[in-house]
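Here is the structure we will look at, set down as structure tokens.
Worth knowing before you read on, the calculation uses all heavy atoms, side chains too, and leaves out hydrogens, waters and symmetry mates. Here is the naming used below: chain letters follow the sequence lines, and residue numbers restart at 1 for every chain.
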Amino acid sequence: MPELPEVETARRGIAEQFVGRRVVGYELTRTFLIVAAPGLSLDGLVGATLESVYRHGKYLLLTFDPFSLVVHLKLAGQLVARGGGIPGFAAGHPVPAYDADLPHKSTHLRLDFAGDAVLYLTDIRHFARVWLLPHDAVPDYFARLKLGPDVLDPVFTVDVLRARLATRTVGRLKPTLLDQSVIAGLGNIYVDESLWQAGLHPERTAASLSPAELTGLYDGIMRTMAHALPIGGARILNGKAQPEHGEFPFVHGREGQPCPRCGTPIIKTHVNHRGTYTCPHCQPAP
DNA sequence: AACTACTCCTGGAGGC
DNA sequence: TGCCTCCAGGAGTAGT
């Protein structure tokens, strides 16, 4: 599912291939995708230029001259760029049966840009949303989300992680790290990967972490991001890691496969109703 | 604060 | 082959 690395892959692709281009047309095939502030519609984008793209956690902000778009891909959204004039990219949840020909039955929005560049939004689960907001409503919109610091923001240091976890001492690590108001960007896959990197069980509490373990958790998050970003994120289908996508992720979606560190079979449990993958040897239960 | 339960939705997988 | 059921999950909300 799209988490920080997948959304960051989209942000980079859009920044490099679409910023400065003018929208020349669009097709919206699933109207529920759009949540528009009064008076705004996609019609107002035609002729508008994309000025910038910004990401906080799993949210994307596209700023056009007349108004802004906030995009969240949720569980199964994907942004795909195609066109004769650009390299293109695909970021987010793959739709393997139809990857070859866009648009397909799960394509909800096509944005046509000048110079033969096309941006598609696809979503097999129909949870993704695009909000249309006046520029002056954007700060309030993000303030209401109460997002914690973005994991890739240079301000996110081990001291910041310690301070954020100090607000949630009793709760278990996995639900805490999934809470976007604590830190922003990690989802089910990357929390599992980060905790495995750190050798921490998901049901440990923040209060139980030694200083070394807390530093290890920070390093685990950063190592996980460093693995995921160069390859455009993880490729998980129906809860299973895809073998053709290499060894990443290391534990998520790999029930029964050997832990890359010690060889012990990875086990799957549920924490807060979320499928959770751990190495029982590297991540001892509390 | 921290937890549970529920909601949105569809496609893939497993059972028979 | 073809039904049927279950499961996957980000985030918002409500209830305890």
Side-chain angles (χ1 to χ4, degrees), chain A residues 1-8 10 29-35 55-61 70-79 91-99 103-109 121-131 140-148 150-151 163-194 202-208 233-243 249 251-256 266 268-277 286:
Chain A
M1 64 249 52
E3 303 177 29
L4 189 154
E6 293 80 13
V7 181
E8 174 64 11
T29 45
R30 299 276 162 74
T31 53
F32 56 73
L33 174 70
I34 302 294
V35 181
R55 182 192 56 76
H56 190 146
K58 304 167 197 171
Y59 288 83
L60 273 182
L61 172 67
V70 173
V71 180
H72 197 303
L73 297 174
K74 293 291 180 92
L75 306 181
Q78 183 191 39
L79 286 165
H93 193 290
V95 190
Y98 308 103
D99 269 355
H104 53 65
K105 66 177 183 178
S106 293
T107 304
H108 301 180
L109 175 65
L121 193 154
T122 78
D123 180 15
I124 61 171
R125 296 284 188 276
H126 293 194
F127 288 129
R129 289 293 179 272
V130 175
W131 292 266
D140 273 356
Y141 182 87
F142 275 93
R144 272 196 292 273
L145 295 175
K146 293 184 165 49
L147 296 175
D150 185 89
V151 163
R164 298 306 299 158
L165 292 183
T167 68
R168 302 293 177 88
T169 53
V170 182
R172 298 168 295 173
L173 280 176
K174 175 146 182 178
T176 298
L177 294 172
L178 284 172
D179 187 334
Q180 302 299 296
S181 72
V182 177
I183 59 174
L186 302 186
N188 204 34
I189 298 169
Y190 294 101
V191 168
D192 281 2
E193 293 298 303
S194 299
E203 300 193 89
R204 291 279 303 274
T205 63
S208 77
R235 189 175 172 92
I236 300 281
L237 283 172
N238 304 310
K240 296 208 168 45
Q242 299 303 293
V251 291
H252 191 92
R254 298 192 184 276
E255 182 179 17
I266 301 299
K268 180 183 183 186
T269 59
H270 284 86
V271 178
N272 260 24
H273 305 280
R274 296 291 149 83
T276 297
Y277 297 85

Mind checking what makes side-chain hydrogen bond (donor to acceptor under 3.5 Å, both in side chains) contact with [X], not counting sequence neighbours?
X         : result
Asn188(A) : Lys174(A)
Glu193(A) : none
Thr122(A) : Gln78(A)

Any base atoms under 4.0 Å from [X], or only sugar-phosphate, or nothing? Heavy atoms, all strands.
X         : value
Phe32(A)  : nothing
Leu145(A) : sugar-phosphate
Gly187(A) : nothing

Determine the interplanar angle of the Tyr141(A) and Trp131(A) rings, folded into 0 to 90°, and report it as parallel if under 30°, tilted if 30 to 60°, perpendicular if over 60°.
-> tilted
Whole-Å gap separating [atom2] ([N]) and [atom1] ([X]):
X         : N       : atom1 : atom2 : answer
Trp131(A) : dA11(C) : CH2   : P     : 9 Å
His104(A) : dG11(B) : NE2   : C1'   : 13 Å
His270(A) : dC3(B)  : NE2   : C1'   : 17 Å
Asp179(A) : dG9(C)  : CG    : P     : 18 Å
Tyr277(A) : dC7(C)  : OH    : P     : 13 Å
Glu255(A) : dA13(B) : CD    : C1'   : 14 Å
Arg168(A) : dA2(B)  : CZ    : P     : 6 Å
Lys146(A) : dA11(C) : NZ    : P     : 15 Å

With five pairs defining each end axis, the helix from dA2(B)-dT16(C) to dC16(B)-dG2(C) comes out bent, to 10°, by 50°
Answer yes or no: is there a donor N or O on one side and an acceptor on the other, between the side chain of Ser181(A) and the main chain of Asp179(A), under 3.5 Å?
-> no
Let me know, please, whether Tyr59(A) or Asn188(A) comes out on the 5' side of the other along DNA chain C by nearest nucleotide.
-> Asn188(A)
Ignoring backbone atoms, establish whether Gln180(A) has a side-chain N or O less than 4.0 Å from OP1 or OP2 of dA11(C).
-> yes
Respond yes when some side-chain nitrogen or oxygen of Lys58(A) is under 4.0 Å from OP1 or OP2 of dG9(C), and no when none is.
-> no
Heavy-atom side-chain proximity of Tyr190(A) to Val151(A) below 4.5 angstrom | no
Are side-chain heavy atoms of Leu4(A) and Asp150(A) found at a separation under 4.5 Å?
-> yes
Nearest-0.5 Å distance, OG1 of residue Thr31(A) to CG of residue Leu109(A) = 11.5 Å
Contact state string [nucleotides 4-10 of chain B, B base, S sugar-phosphate only, - no protein heavy atom under 4.0 Å] | SS--BBB
Ring pair (Phe, Tyr, Trp, His ring centres under 6.0 Å) against Tyr59(A), all qualifying residues, sequence neighbours excluded | His72(A)
